[in-house]
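One structure is given below, encoded as structure tokens.
Note that these values count all heavy atoms, side chains included, but never hydrogens, waters or copies made by symmetry. Note that the coordinates shown come from a computational prediction; the quantities given were computed from them, not determined experimentally. The chains referred to below are lettered A, B, ... by the order of the sequence lines, with proteins before strands, and numbering in each begins at 1.
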Number of protein chains: 2
Amino acid sequence: MAGVTIYQVAAEAGVSPSTVSNLLNGRAGRMLPATRRRVETAIEQLGYRPNRAARQLRTGRNQVIGLVVPSVANPFWGTFARHLEAAALEAGYHVLLCNSERDPERERRYVEELWSDGIGGVVLCSSLPSLEHMMPMVGEGLSLVAFDRTAQVGDHESLVNISLDNVLGARLAARHLIELGHRRLAFVSGALGSVNRRERFRGFSDALEDAGLDPADALVWSGGADHSYGDLDVAGLGRTAAAELLAEPDPPTAIVAINDMCALGVCAGIRDAGLRIASDVSVIGFDDIVLADLASPPLTTIRQPLAEMAAAAFANLRTGIESGTPMHGQSLLMRPELVIRESTGPYST
Amino acid sequence: MAGVTIYQVAAEAGVSPSTVSNLLNGRAGRMLPATRRRVETAIEQLGYRPNRAARQLRTGRNQVIGLVVPSVANPFWGTFARHLEAAALEAGYHVLLCNSERDPERERRYVEELWSDGIGGVVLCSSLPSLEHMMPMVGEGLSLVAFDRTAQVGDHESLVNISLDNVLGARLAARHLIELGHRRLAFVSGALGSVNRRERFRGFSDALEDAGLDPADALVWSGGADHSYGDLDVAGLGRTAAAELLAEPDPPTAIVAINDMCALGVCAGIRDAGLRIASDVSVIGFDDIVLADLASPPLTTIRQPLAEMAAAAFANLRTGIESGTPMHGQSLLMRPELVIRESTGPYST
DNA sequence: GTGAAAGCGCTAACAC
DNA sequence: GTGTTAGCGCTTTCAC
């Protein structure tokens, strides 16, 4: 800590602390150019940097937002974190990173701590159906943006939800497979009960119905009810899923994975079984992480416009924080995009 | 912000604020058990949470460390961030995330801001040879741990460096290839001038010499001097590198990539050229990111023990911050481990 | 063993 | 236009 205070600057410039403060806080409008110059010189010369703790103590607000993700080790969340940090930085905000490992209790503890640290806004990446446990704080003025989760019955009225249109995305995915001639489809996911898992499954079923297929005939693999897989193991889970599905009497010819990491695991499992991706079994992922394009074969997937979503999340949060009034509840559903690469191919007997 | 202060707690418990403060700060030793009980009850009842800004203003320090990484979108850094956050959390610290995009100027600005925000310690993941620009702050008391970078001539005496033994790692990598019979090796990297690029290249050269080969005969591809590739494009760079190297009159039969992301790109480039990995061209990476095992074929690589490294980084930082005295400069070089998978194979004419 | 009081550095009324 | 002043909530000597 440089240790130079606003008083020293004031003394150096021959003005009062409030003048310095005014300049610092953009109230330099009616200031004499000469005064202004003097203050700026003094700040420069002394290398003055305002003390944020003092400012926060006074104003009750700091320039920090919290980000709670399942795990930044997952490239999807890592990429999101980077975009969010970039958006925040542009507005002079910093980002406090929290990895929940998808534990609802940890999510709650994190948000509580952030709130009591004076952080005005949090982006919560939780796919929990109920955010009940956060609501007391939202009631007290916390701005909360739920990411990767759509609005649910019972949500607080000032909750903002930002996510992909998962139903549409999954529908796009399954339709692509059906158009390629596949009839025996599988859906692979981890933990049941997450909002977006439910939605993606819904879109998957819708597409089957659209094509006159019975969703009840589809193979659904959900990782065994009692397992709660970490966010990275999802790849290992895809691998296991593929092994089990391909050992079925009537195995699927195409697999929709809940996300790209899972799809990468499914691909590994297909190879483990001695089969070829696309020509033997088609695989489609979800997210379009950087690695989807690098994989072998490159992964067909549903793209989420992460940069735009991160920017929107931050913009909402900032408005909520700076307006001082509760945010107006809303949901933002981004448009998914089918990206066809080489992990999907036509059905062949 | 709950808004309940230490005064309200004191009033509720019928004691003075200092007594409450004493309890809060572990100075409850000589306190009457009855008093203590009363205060604890009051805290509980009012749901009191100390205001961190006020505490920081008073003590000058907060429970936050800064993490500056090139980009958390890169799975290697994402994984590191997660491990570091876990270590910090255990000690009650939070982590502020900064993505430098490998821009030295951004690195400096970030660290300066963190320092003036009252953050006592920073883990800086920079492979810049000189950390000169951080030194004024270190001189003033900032605890700085440089990660993924070894000690350099001219470093500040209280700088702690934590990294892998890159020379040994790269030597292990190249030796593995040579033992498989390869004689025509290539080394692929991005930006020149980073400390660990230099070290890895050194280990690569050493291994060639060990085997009686002339390092000058090796193919070195470094992304073109004037390009400064982002941390993710490193995969695209590997892809380009492979294309160019394989178009040479006398192409390499084995490639050492600067890291796994780059290696994944190299693999993509090899496939683009219609060749097969391992049987036609061997590829070895560095880091052992999660995706190395998921890739097709699974990537042979040099593993960095990231969790241990993150724990060590935090432990050092914490000691530095809490002791209040400058850290004792030292370097920690972790032992690399060769992980043989399927992207490397014997040389065949 | 417990309390009184003085600030940490800043902002924002409100005077002038 | 600029200065004076009163805290924000906490910690920490120093008295008692």
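Interatomic distance, A/Gln63 CD to A/Gln56 CD, rounded to the nearest 0.5 Å: 10.0 Å.
Here B/Arg108 pairs with B/Glu105, B/Glu112 under the salt bridge (Lys or Arg N to Asp or Glu O under 4.0 Å) rule; sequence neighbours left out. Contacts of B/Glu308 classified as salt bridge (Lys or Arg N to Asp or Glu O under 4.0 Å), with partners at least two apart in sequence or in another chain: none. Applying the salt bridge (Lys or Arg N to Asp or Glu O under 4.0 Å) test to A/Glu132 and every residue at least two apart in sequence or in another chain returns nothing. Under the rule for a salt bridge (Lys or Arg N to Asp or Glu O under 4.0 Å), B/Arg37 has no partner lying at least two apart in sequence or in another chain. Looking at residues two or more places apart in sequence or on another chain, you find a side chain to side chain contact (heavy atoms under 4.5 Å, CB included) between A/Ser16 and A/Ser18, A/Thr19. For B/Ser143, the side chain to side chain contact (heavy atoms under 4.5 Å, CB included) partners at least two apart in sequence or on another chain are B/Leu317, B/Ile321, B/Met327. Not a single ring pair (Phe, Tyr, Trp, His ring centres under 6.0 Å) links A/Phe76 to another residue, sequence neighbours left out. For B/Ala87, the side chain to side chain contact (heavy atoms under 4.5 Å, CB included) criterion is met by B/Phe314, not counting sequence neighbours. Residues that satisfy the ring pair (Phe, Tyr, Trp, His ring centres under 6.0 Å) test with A/Tyr110, not counting sequence neighbours, are absent from this structure.
Using a cutoff of 4.0 Å between basic side-chain nitrogens and carboxylate oxygens, A/Arg149 and A/Asp155 are scored as salt-bridged.
Atom pair A/Leu46:CG and C/dG9:C1' shows a separation of 15 Å (rounding to whole Å applied). Regarding A/Arg49, its CZ atom lies at a distance of 16 Å from the C1' atom of C/dC10, rounded to whole Å. If you measure from atom CD1 of A/Ile6 to atom C1' of C/dC8, you get 14 Å, rounded to the nearest angstrom. If you take CG of A/Asn62 and P of C/dT11, they are 14 Å apart, rounded to a whole angstrom.
Note that the first and last nucleotides of DNA chain D, 5' to 3', having any atom under 4.0 angstrom from a heavy atom of chain A are D/dG1 to D/dG9.
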Please tabulate, one pair per line, each protein N/O and nucleotide N/O from nucleotides 12-16 of chain C that are separated by under 3.5 Å, including the distance.
{"from": "C/dA12", "atom 1": "OP2", "to": "A/Arg27", "atom 2": "NH1", "distance (Å)": "3.4"}
{"from": "C/dA12", "atom 1": "OP2", "to": "A/Arg27", "atom 2": "NH2", "distance (Å)": "3.0"}

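If you check every strand for non-hydrogen atoms under 4.0 Å, B/Leu57 touches a base.
Each end of the helix from C/dG1-D/dC16 to C/dC16-D/dG1 gets its own axis, taken as the rotation carrying the C1' atoms of four end pairs onto the next four within a five-pair window, and the two axes meet at 30° to the nearest 10 degrees.
Between A/Met31 and A/Tyr7, it is A/Met31 whose nearest contact on DNA chain D lies nearer the 5' terminus.
Dashed line: the shortest gap from a side-chain N or O of B/Thr19 to OP1 or OP2 of C/dT2 is not under 4.0 Å.
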